[in-house]
Trainee: 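My structure is below; once you've seen it, I'll send some questions.
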Amino acid sequence: MRRETPLSARPDLLARLAERVAARAAEHGLRRLRTALRGDGARLVLNGRELVDFASNDYLGLANHPAVRAALVDCAQRHGVGATSAHLLGGHRPEHDALERELAQWLGRERVLLFSSGYAANLGVMQALLGPGDVCVQDKLDHASLLDGAKLAGCQATRYQHADSGSARRQLAAHPGAAALLATDGVFSMDGDLAPLRELVTVAREASATLMVDDAHAIGVLGANGCGSAEHAGLAPHDVPVQVVTLGKALGVAGAVVAGSTALVDGLVQFARSFVYSTATPPALAAATLAAVRVARHEAWRRDRLARLVAHFRRGAAARGIALGASATPIQPIPAGSAERALALSRALESAGFHVPAIRPPTVPEGAARLRVGLSVLHAERDVDALLDALSRALKESHDERRNRPRPDARHAGREARARGVRLR
Ligand SMILES: *Cc1c(COP(=O)(O)O)cnc(C)c1O
């Protein structure tokens with residue numbers, strides 16, 4: 001390959017990226033893309049070994065539900081796969097329309113609008129609502145897509161103390177004249193705890209701000225009818241004027257909708273760029289999602305069983321002296337401290353037959369690395385018991401190891417690696 005003579009001392013982007021990867025590896029923060037075969041139910045095959053999967057968001061067991069599979073295959077057989085264009089250019093099919101109507105009815109909304117992912121929905125709705133001169137006030141631990149959405153919208157973005165409505169109120173009060181969005185996860189994706197929604201509704205009302213709730217982990221799971229965190233909190237749908245619901249977690253497929261008033265959806269159709277300039281999801285996926293929504297709506301036993309499994313997990317952890325975060329949802333974090341320790345615990349569980357990934361910075365704050373257990377109706381109580389036994393052993397071994405062999409500070413190791421420019425792996 002011919003090398004150009006450099007014209008300036010401009011940094012090389014790909015070389016810089018490689019350095020960042022090496023630094024991340026030195027901090028025990030490297031992400032690995034692994035190819036997993038899905039087994040039956042909550043089983044996963046990694047490196048040829050079957051593991052019980054505690055990393056999926058398939059809370060209600062719909063990703064492989066016979067009715068969902070059949071709807072997809074049937075629609076694909078009749079109409080093919082791709083939507084062939086964006087929604088506004090002929091890609092909007094009867095399957096999309098039927099899914100939107102069913103979701104609107106379930107959620108008690110005038111309208112919903114389909115996006116290709118939750119990430120795209122959050123970017124689109126924030127960009128449509130906000131611009132320079134406006135303010136977005138959001139929880140410090142909101143999902144990355146909400147943080148990115150506020151950045152992309154070009155508004156002023158502030159983050160309040162986690163789940164602290166007083167902190168939210170003060171930040172809104174600091175921008176009295178600006179149009180304001182108050183945005184929060186309904187269930188926090190890495191902690192499993194709930195936003196103080198009743199308080200936030202009041203704060204938003206008093207400050208004339210619009211409240212937006214990302215219910216990615218609440219839809220299908222929370223509320224008597226599975227409608228999410230507002231229903232769970234005893235609020236009416238209109239108390240949360242903008243609700244984002246993803247379709248790839250409890251609903252087991254992919255995509256998202258923004259739910260709210262006709263005026264909201266009319267505006268998004270015009271101005272949400274991630275809706276306008278993106279190919280419509282395959283109609284067969286919409287058909288499959290419609291089947292999943294019907295199961296999620298009407299089979300309340302799935303929610304009940306899931307809640308019992310969460311209680312079983314928490315009781316079992318307490319009995320074994322395992323510390324957990326304060327979560328009553330299927331997301332159960334086990335604090336590990338350093339990224340290195342979280343990785344070691346995750347590896348120990350993997351050799352014992354369980355897939356429980358380590359969640360490390362920057363996904364969570366420095367020093368707050370953790371194992372994140374996701375429970376599903378597909379898990380049996382004995383799966384949960386076996387996981388807790390293995391976890392208890394791994395925690396004990398890791399504790400003994402920490403006592404006997406002090407390790408160098410991980411961040412220091414990262415700095416050293418950067419300074420030496422080492423490349424790992
Ligand atoms: C997963 C998630 C998203 C992104 O949804 P996708 O459909 O996976 O893009 C958005 N918000 C929260 C809180 C999430 O957990």
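Order of listing sets the numbers, starting from 1, for every ligand and every atom in it. Position 1 is the first residue of the sequence, and the numbers go up from there.
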Trainee: Does the N or O separation between G118 and ligand 1 drop below 3.5 Å for any pair?
Mentor: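 In this structure, G118 places an N or O atom under 3.5 Å from an N or O of ligand 1.
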
Trainee: Examine F188 together with H162 and report whether their ring centres are nearer than 6.0 Å.
Mentor: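 Distance test on ring centres: under 6.0 Å, yes.
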
Trainee: Give me the nearest non-hydrogen protein atom to atom 11 (N) of ligand 1 as residue plus atom name, then the distance to 0.1 Å.
Mentor: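 I find the closest protein heavy atom is D214 OD2, 2.5 Å.
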
Trainee: With R370, which residues qualify under side chain to side chain donor-acceptor pair (under 3.5 Å), at least two apart?
Mentor: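 R370 satisfies side chain to side chain donor-acceptor pair (under 3.5 Å) with D191 once adjacent residues are dropped.
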
Trainee: Does the ring centre of H355 sit less than 6.0 Å away from the ring centre of F54?
Mentor: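 That pair fails the under 6.0 Å test.
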
Trainee: Is it true that D266 and R111 make a salt bridge, defined as a side-chain N closer than 4.0 Å to a carboxylate O?
Mentor: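 R111 and D266: salt-bridged.
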
Trainee: For ligand 1, which atoms, with element, lie under 4.0 Å from some heavy atom of A216?
Mentor: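 Those of ligand 1 that fall under 4.0 Å from A216 are 2 (C), 11 (N), 12 (C), 13 (C), 14 (C), 15 (O).
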
Trainee: In terms of atom number and element, which parts of ligand 1 are under 4.0 angstrom from non-hydrogen atoms of S189?
Mentor: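 Listed by number with element, the hits are 15 (O).
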
Trainee: At a non-hydrogen distance cut-off of under 4.0 Å, which region of S117 contacts ligand 1 (side chain, backbone, both, or neither)?
Mentor: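 Looking at S117 and ligand 1, atoms from backbone and side chain both fall under 4.0 Å.
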
Trainee: Is D239 salt-bridged to R205, going by a charged N under 4.0 Å from an acidic O?
Mentor: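 Yes, D239 and R205 are salt-bridged.
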
Trainee: Charged N to carboxylate O under 4.0 angstrom, E102 versus R297?
Mentor: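 Yes, charged N to carboxylate O under 4.0 Å.
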
Trainee: Tell me which protein heavy atom sits closest to atom 1 (C) of ligand 1, plus the residue, atom name and distance to 0.1 Å.
Mentor: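 Result for atom 1 (C) of ligand 1: K249 NZ, 1.4 Å.
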
Trainee: Distance under 4.0 Å to a non-hydrogen atom of T246: what atoms of ligand 1 satisfy this?
Mentor: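 Listed by number with element, the hits are 5 (O).
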
Trainee: Which residue in the set R38, K249, R43 passes salt bridge (Lys or Arg N to Asp or Glu O under 4.0 Å) when paired with D58?
Mentor: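 Of the listed residues R38, K249, R43, the salt bridge (Lys or Arg N to Asp or Glu O under 4.0 Å) partner of D58 is R38.
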
Trainee: Answer with yes or no whether S145 contacts ligand 1, where contact means a heavy atom under 4.0 Å from a ligand atom.
Mentor: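 It does, in that a heavy atom of S145 comes within the 4.0 Å cut-off of ligand 1.
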
Trainee: I need the nearest protein heavy-atom contact for atom 9 (O) of ligand 1: residue, atom name and distance, please.
Mentor: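 The answer is Y119 N, 3.0 Å.
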
Trainee: Does D185 reach ligand 1 with a nitrogen or oxygen that is under 3.5 Å from one of the ligand's nitrogen or oxygen atoms?
Mentor: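 No, D185 has no N/O under 3.5 Å of an N/O on ligand 1.
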
